[in-house]
Visitor: 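I'd like to ask you about the structure that follows.
In what follows, every chain begins at residue 1, and chains take the letters A, B, ... in the order their sequences are listed.
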There are 2 protein chains.
Amino acid sequence: MTGWAPSTGNMTDDGWSGAPRFPLPRLTEFAAALLVGMGVPAEDAGPAADLLLLADLRGVDSHGVARLPFYAARFRRGLIRADAELRVLREGPVTLAFDAGDGFGLTQAPRAMERCIAKAEETGLCLATVGHSNHFGIAGAYALMAARHGLGGMAMTNASTLVVPTFGAQPMLGTNPIAVAVPTSPDGATPPLVLDMSTSAVAWGKIEVARRAGSQIPLGWAVDEAGVPTTDPFAARWLTPLGGPRETSGHKGYGLGLIVDLLCGPLAGAAWGAHVLGSRGPNRPANVGHAFMAWRIDAFRDLDEFFADLGAMLAELRATPPAPGHEATGVLVPGDPEARAEAVNRRLGVPVRPPVVEELRTLASELGVPFDLDADPIGIS
Amino acid sequence: MTGWAPSTGNMTDDGWSGAPRFPLPRLTEFAAALLVGMGVPAEDAGPAADLLLLADLRGVDSHGVARLPFYAARFRRGLIRADAELRVLREGPVTLAFDAGDGFGLTQAPRAMERCIAKAEETGLCLATVGHSNHFGIAGAYALMAARHGLGGMAMTNASTLVVPTFGAQPMLGTNPIAVAVPTSPDGATPPLVLDMSTSAVAWGKIEVARRAGSQIPLGWAVDEAGVPTTDPFAARWLTPLGGPRETSGHKGYGLGLIVDLLCGPLAGAAWGAHVLGSRGPNRPANVGHAFMAWRIDAFRDLDEFFADLGAMLAELRATPPAPGHEATGVLVPGDPEARAEAVNRRLGVPVRPPVVEELRTLASELGVPFDLDADPIGIS
């Protein structure tokens with residue numbers, strides 16, 4: 001593994017061989033057309049496609065256009081409601097509790113975060129929960145929304161069950177990501193600091209990559225059917241929390257995943273644990289929950305002082321003497337690899353794995369959307 | 001390793017052999033007398049001693065009375081100011097930025113959290129930062145303060161440098177803990193859910209335990225002087241972030257530690273990274289920073305619904321089928337081991353390692369405080 005790749009896919013993984021790149025506007029337009037084909041109102045499809053493409057741009061391809069067939073299947077089964085309203089269940093001076101009405105995550109979650117940001121801009125801080133939602137893409141996108149408004153932001157979601165608790169043999173938690181973002185300059189001239197991480201050791205995509213490559217996985221990523229840690233990607237059945245087994249403090253990753261589930265499940269009035277339904281679950285809405293937070297930096301510190309200190313902090317981290325074998329990469333800060341991927345992909349076009357291109361071709365045909373991506377590849381990576 | 005012990009010490013570690021137990025009130029009174037001897041005002045010493053003893057009660061003995069000689073040395077050098085005021089630098093409707101004036105962490109931090117809780121009770125939510133503070137004991141104590149008021153609570157602090165960033169050869173972060181607590185019943189009849197974890201793989205105490213036991217440490221806990229991962233506790237020089245090396249996602253633990261440092265350093269107007277001074281640093285105040293949050297549960301959900309869902313969630317987690325070899329322990333939830341330790345220690349008395357008893361004897365002599373713990377041990381563990 002080279003560099004500090006996003007956890008769900010990078011250009012050094014296999015499966016990218018011969019991957020075409022597409023111009024961002026064309027791919028966004030195509031994704032939006034597919035969403036309209038699924039029933040998403042035209043005015044919502046564009047912003048939702050922008051969010052999807054942000055994942056592809058930042059190298060988190062598992063949460064980008066590759067997700068469209070998954071969304072389509074759930075729209076088709078009526079498990080995502082394209083016409084759902086975002087209802088406010090409770091509103092306090094600085095708190096919001098939403099019900100997303102089993103609507104589309106990529107539409108409802110941004111609306112909720114926008115309200116959260118507006119409230120935080122007014123009062124300094126807002127915490128919002130969203131219940132009865134669906135898969136919302138990358139958590140980092142919502143934290144970034146706050147950072148683009150000059151605020152600190154946090155986003156969490158629970159997810160369908162894939163992770164065993166420490167000492168457990170059955171999955172009881174999703175990969176339950178936590179994202180935090182802050183701006184690094186007053187005018188947005190420098191990329192925000194963005195941490196976007198699942199609370200599992202790795203994403204399931206890493207297991208799939210090892211299967212395709214026929215390589216072993218490190219101990220600590222996954223357990224087998226019986227709950228025993230395994231290095232065989234084909235025996236891997238469930239993921240381990242961040243930290244791996246108890247000896248290397250996997251109980252901390254488990255604890256973090258549980259706190260995310262607590263805020264997004266019981267606090268948000270959504271499902272939790274094994275009740276959050278995924279693609280293989282019963283024919284009921286997923287009832288995913290999210291939690292969002294935004295805060296004004298100048299509620300705590302003068303902006304110029306904050307940016308000066310943060311800039312010095314990040315510069316010091318990047319200047320840390322590297323450990324042997326890591327001289328080429330050096331020490332990075334969260335969001336560096338994603339920001340680099342975004343810069344490359346904006347310039348060269350957004351890469352899409354060939355199998356995903358074929359799935360999108362099939363989906364376009366099913367939805368009666370013209371598939372003309374073939375005409376547009378602007379490079380072969 | 002048996003059970004799910006707190007990361008900084010447990011009764012199965014070595015160093016406990018022949019450890020006497022002392023009645024809680026007697027040990028608290030003695031700790032308070034020592035604090036008064038250091039210059040802490042009498043009205044502050046009692047509550048500070050209660051906080052210290054909470055760590056010992058919950059099995060986190062590294063942050064309990066064993067810390068008193070460390071505090072005494074810093075008071076003596078004038079690096080902790082017993083008479084410091086807690087000043088409000090900024091106050092918004094739901095935000096507070098404090099300056100602790102290089103005061104005693106165990107006095108200033110509870111005052112700040114009390115204000116944070118009061119504001120959250122009024123408006124639903126509060127986020128508070130504290131700059132120019134000192135070591136504040138266990139982060140969990142502050143999250144628990146909120147839970148005892150029926151609120152959700154979060155507490156973070158930065159700390160003196162001990163943890164290398166991913167790919168780095170030098171420490172740039174402290175163990176930067178995150179604690180979250182929520183009540184599990186409306187009347188406090190059941191113990192709160194408490195996650196209290198450092199963002200390093202383990203606490204330094206684990207390395208010391210391995211040194212005393214002459215045993216190897218798991219790969220992923222620590223690196224040597226050159227920044228190379230090591231299994232030799234005597235070669236271990238710095239700690240690794242939660243997750244260990246990059247292959248097992250140590251960059252996530254690094255990212256979490258960095259976010260804690262961002263909130264407690266640049267946002268709080270305190271030091272960050274290598275600038276947070278510890279016992280071996282230059283003769284300047286530590287300038288530790290903290291961040292606290294509290295929120296009303298009923299700002300988001302009816303209390304009875306929340307407690308019903310949370311209770312079901314925790315019951316389901318505890319009922320997870322155990323993995324092979326973990327049938328005796330079963331699946332726990334965060335705070336279970338600490339709550340069990342507290343129940344035992346309240347009943348049998350608080351254990352103190354014999355070397356710590358001797359250090360306290362010396363300290364008492366230096367401070368002119370009568371040492372009469374010898375008369376009081378109520379059991380030998």
Visitor: Among T123(B), I259(B), L314(B), L89(B), which residue has the highest count of heavy-atom pairs closer than 4.5 Å to chain A?
Guide: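 Most pairs with chain A among the choices: I259(B).
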Visitor: Is it the side chain or the backbone of L256(B) that comes within 4.5 Å of chain A heavy atoms, both, or neither?
Guide: both
Visitor: Calculate, to the nearest 0.5 Å, the distance between atoms OG1 and CD1 belonging to T95(B) and I297(A) respectively.
Guide: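 Taking OG1 in T95(B) and CD1 in I297(A), the distance rounds to 12.5 Å.
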Visitor: Tell me, for E305(A) versus chain B, whether the close heavy atoms (under 4.5 Å) come from the side chain, the backbone, both or neither.
Guide: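 Neither; nothing under 4.5 Å.
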Visitor: Considering only heavy atoms, which portion of P322(A) lies under 4.5 Å from any heavy atom of chain B: side chain, backbone, both, or neither?
Guide: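 Both parts, heavy atoms under 4.5 Å.
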Visitor: Heavy atoms only: give me the nearest G227(A)-A323(B) pair and the separation to one decimal.
Guide: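 It is O-CB, 3.5 Å.
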Visitor: Checking A201(B) against chain A: side chain, backbone, both or neither under 4.5 Å from a heavy atom?
Guide: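 The answer is the backbone of A201(B).
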Visitor: For residues M313(A) and D261(B), report the shortest heavy-atom separation together with the two atoms involved.
Guide: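 Minimum heavy-atom separation between M313(A) and D261(B): CE-CB, 3.8 Å.
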Visitor: Heavy-atom distance under 4.5 Å to chain B: side chain of L195(A), backbone, both or neither?
Guide: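 Contact with chain B: side chain only.
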Visitor: Heavy-atom distances under 4.5 Å only: say whether V182(A) touches chain B with side chain, backbone, both or neither.
Guide: side chain
Visitor: With chain A as the partner, which of G330(B), G152(B), A299(B) has the greatest number of non-hydrogen pairs under 4.5 Å?
Guide: A299(B)
Visitor: Specify the closest pair of heavy atoms between S249(A) and L242(B), including all atoms of both residues, with the distance to one decimal.
Guide: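 Heavy atoms of S249(A) and L242(B) come nearest at O-CD1, 3.6 Å.
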Visitor: I'd like to know whether R246(A) forms a side chain to side chain contact (heavy atoms under 4.5 Å, CB included) with H326(B), so could you lay out the CA-CA distance, the side-chain angles of the two residues, the decisive distance to 0.1 Å, and finally the verdict.
Guide: CA-CA 11 Å; R246(A) 173 61 185 87; H326(B) 298 292; 5.8 Å; no
Visitor: Look up atom CE in M293(A) and atom CE in M293(B), then write down how far apart they are to the nearest 0.5 Å.
Guide: 4.5 Å
Visitor: Side chains of W221(A) and E247(B) only: does a donor on one sit below 3.5 Å from an acceptor on the other?
Guide: no
Visitor: Taking atom CG of L127(A) and atom CG of L127(B), what is their separation to the nearest 0.5 Å?
Guide: 10.5 Å
Visitor: Under a 4.5 Å heavy-atom cut-off, does chain A meet the side chain of Q170(B), its backbone, both or neither?
Guide: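 Its backbone and side chain both get close to chain A.
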Visitor: Does CD in E122(A) sit with more than 12 non-hydrogen atoms of other residues, nucleotides or ligands closer than 6.0 Å?
Guide: no
Visitor: Step by step, work out the side chain to side chain contact (heavy atoms under 4.5 Å, CB included) result for L332(A) and T166(B).
Guide: CA-CA 8 Å; L332(A) 306 177; T166(B) 304; over 6 Å; no
Visitor: Below 4.5 Å from any heavy atom of chain B, which atoms of L219(A) appear? Answer side chain, backbone, both or neither.
Guide: backbone
Visitor: Which of the residues T240(B), V164(B), D302(B) is involved in the greatest number of heavy-atom pairs with chain A at under 4.5 angstrom?
Guide: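 The option with the most such pairs is D302(B).
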Visitor: Is chain A contacted by the side chain of L193(B), its backbone, both, or neither, given a heavy-atom distance below 4.5 Å?
Guide: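 Just the side chain, heavy atoms under 4.5 Å.
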Visitor: Within the distance-only criterion (no hydrogens, no angle test), does the side chain of R90(A) pair as donor or acceptor with the backbone N or O of D298(B) below 3.5 angstrom?
Guide: yes
Visitor: Take Y254(A) and V333(B), measure what side chain to side chain contact (heavy atoms under 4.5 Å, CB included) needs, and give me the verdict at the end.
Guide: CA-CA 9 Å; Y254(A) 161 42; V333(B) 303; 3.8 Å; yes
Visitor: Which heavy atom of W272(B) sits nearest to which heavy atom of D309(A), and what is that distance?
Guide: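 Minimum heavy-atom contact is CZ3-CG, 3.4 Å.
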Visitor: May I ask you to name which of P93(A), G92(A), P165(A), A274(A) has the most heavy-atom pairs under 4.5 Å with chain B?
Guide: P165(A)
Visitor: Ignoring hydrogens, what is the shortest heavy-atom contact between L125(A) and C126(B)? Give both atom names and the distance.
Guide: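 Scanning both residues, the minimum pair turns out to be CD2-C, 3.9 Å.
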Visitor: Between A226(B) and P324(A), which heavy-atom pair has the shortest distance, and what is it?
Guide: O-CD, 3.2 Å
Visitor: For residues F167(B) and T320(A), determine if any side-chain heavy atom of one lies less than 4.5 Å from a side-chain heavy atom of the other.
Guide: no
Visitor: Could you check which of V180(A), V94(A), V228(A) has the highest count of heavy-atom pairs closer than 4.5 Å to chain B?
Guide: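 Looking at each of V180(A), V94(A), V228(A) in turn, V94(A) comes out on top.
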Visitor: Assess the residue pair F300(B) and L96(A) against the criterion (side chain to side chain contact (heavy atoms under 4.5 Å, CB included)); give the C-alpha distance rounded to whole Å, side-chain angles, the decisive distance to 0.1 Å, and a yes or no.
Guide: CA-CA 7 Å; F300(B) 302 94; L96(A) 281 162; over 6 Å; no
Visitor: Are the side chain of R301(A) and the backbone of P266(B) linked by a donor-acceptor contact shorter than 3.5 Å?
Guide: yes
Visitor: In the structure I gave you, are the side-chain heavy atoms of T248(A) and T248(B) within less than 4.5 Å of one another anywhere?
Guide: no
Visitor: Ion pair present between D196(B) and K252(A), side-chain N to carboxylate O less than 4.0 angstrom?
Guide: no
Visitor: G243(B), G269(B), S200(B): which one forms the most heavy-atom pairs within less than 4.5 Å of chain A?
Guide: G269(B)
Visitor: Please look at P321(B) and chain A and tell me whether the side chain, the backbone, both or neither of the residue comes under 4.5 angstrom of a heavy atom of that chain.
Guide: both
Visitor: With chain B as the partner, which of L267(A), V331(A), L310(A) has the greatest number of non-hydrogen pairs under 4.5 Å?
Guide: L267(A)
